[in-house]
There are 2 protein chains.
Amino acid sequence: MICLHDATKYFSLMLLDETDKTLLKLLQKDCKQTNKALSNVLGLSVTAVYERIKKLENSGVISNYVALVNKEQVDKSFVAFCHIKLVQHSQDYVVKFEREVAKLHEVLECYHISGDYDYILKVLVKDMQEFREFMVKKLTNIDHIGSTHSMFMINEVKHTTTITI
Amino acid sequence: MICLHDATKYFSLMLLDETDKTLLKLLQKDCKQTNKALSNVLGLSVTAVYERIKKLENSGVISNYVALVNKEQVDKSFVAFCHIKLVQHSQDYVVKFEREVAKLHEVLECYHISGDYDYILKVLVKDMQEFREFMVKKLTNIDHIGSTHSMFMINEVKHTTTITI
DNA sequence: TGTGAAATCTTGTACAC
DNA sequence: GTGTACAAGATTTCACA
């Protein structure tokens, strides 16, 4: 787990060789593989794999290990993207909006972006009714929101957490 | 790992009690916790935790376990969102576009959406120059693309893989 | 059906080379 | 970087509510 005071560890970027990159690819696909299985693929000893993983963890390249949940299996199949414009862009308004939006568990992602709108949000709920509730009771209750524009997911073409290095 | 013929396992939604939900919350935050540590938090035996996790895996609620990589640490800090409109919406064009886009490793997410544009893509690259290369050499080389509109991330306010159930 | 305790087998981790 | 040795965890079996 990454703590605030660990930030000092990340001043310099770690140099990754091809073996590190392959290892990261494997771990991003399945982090429950045993070091023995990884050692077979990489052609290294178990200890070498162990040391490399520890180095990737300590340098902050690997931030954490998580279980991914199938949204359909937990009845959260409705994905919406909300564009948001603030009424003003003073430091005060921005900070407050960002803090409030981060608290909403329906919001999986929120980015400050260039363009016509200030923010884009990815929202995950059960269905259109729950989305309506979310908009009326939660999102638009946050101060300083000027306008919103929502788009709904028809189909998920691709969704990966794997970064190709 | 989920295989095609495993799909039969997921016909019915698994009913989750409060303990399951807490367990999922814990595993979505950190899947490397030992069953013993989880059993302490949940007030269950190690076996009970083990059985519950196996059930969540077999029912498809947990799809897989992955390492999350810090994009800044691997020099992929530039995030762009691309809206894409197709010239036509015949089955043929749609299928082909979706297949091609899924192949691009820079595209982490791609959704078919409602609204003015057909698709929204989340693209991850090193910098603006690499993004330009991506657009010119890869994305716009895909057939049937009518128009695109890109937005760039200024700041990441929130990004989680945790679904709150 | 779901839970707890002990037995065993596998894996992670540390150390010497 | 490798191989070995020991500690720790995962997994199975069986008894019990």
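Each chain gets a letter, A, B and so on, in the order the sequences are listed, and its residues count up from 1. Every value quoted in this text rests on a predicted model; they were computed, and no experiment measured them.
The NZ-C1' distance, from Lys36(B) to dT11(C), rounds to 18 Å in whole Å. If you measure from atom CG of Leu38(B) to atom C1' of dG4(C), you get 17 Å, rounded to the nearest angstrom. Rounded to a whole Å, the CG atom of Asn35(B) is 15 Å from the C1' atom of dG4(C). The CG-P distance, from Asp20(B) to dT1(C), rounds to 17 Å in whole Å. Atoms CG (Leu15(B)) and P (dT1(C)) sit 15 Å apart, rounded to a whole Å.
For Asp116(A), there are no side-chain contact (heavy atoms from CB on, under 4.5 Å) partners, not counting sequence neighbours. Evaluation of the side-chain contact (heavy atoms from CB on, under 4.5 Å) rule for Asp17(B) yields Thr19(B), Asp20(B), Arg52(B) as partners, not counting sequence neighbours. By the ring-ring contact (aromatic ring centres under 6.0 Å, His included) test, His159(A) pairs with no residue at all, sequence neighbours left out. Not a single side chain to side chain donor-acceptor pair (under 3.5 Å) links Gln33(B) to another residue, sequence neighbours left out. Glu51(B) meets the side chain to side chain donor-acceptor pair (under 3.5 Å) test with no other residue; sequence neighbours excluded.
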Which donor-acceptor pairs under 3.5 Å do the side chains of residues 140-155 of chain A make with protein atoms, sequence neighbours left out?
from      : atom 1 : to        : atom 2 : distance (Å)
Thr140(A) : OG1    : Met135(A) : O      : 2.5
Thr140(A) : OG1    : Val136(A) : O      : 3.3
Asn141(A) : ND2    : Lys137(A) : O      : 3.0

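When the shell of 6.0 Å around NZ of Lys55(B) is examined, it contains 12 or fewer heavy atoms from other residues, nucleotides or ligands.
Each salt bridge (Lys or Arg N to Asp or Glu O under 4.0 Å) pair with one or both residues in residues 67-77 of chain A, not counting sequence neighbours, appears once here: Lys71(A)-Glu156(A), Asp75(A)-Lys126(A), Lys76(A)-Glu130(A).
Near DNA chain C, meaning a heavy atom under 4.0 Å from it, residues 40-53 of chain B has Leu44(B), Ser45(B), Thr47(B), Ala48(B), Arg52(B) in order of number.
Of all nucleotides in DNA chain D having an atom under 4.0 Å from a heavy atom of chain B, the first and last in 5' to 3' order are dG9(D) to dT12(D).
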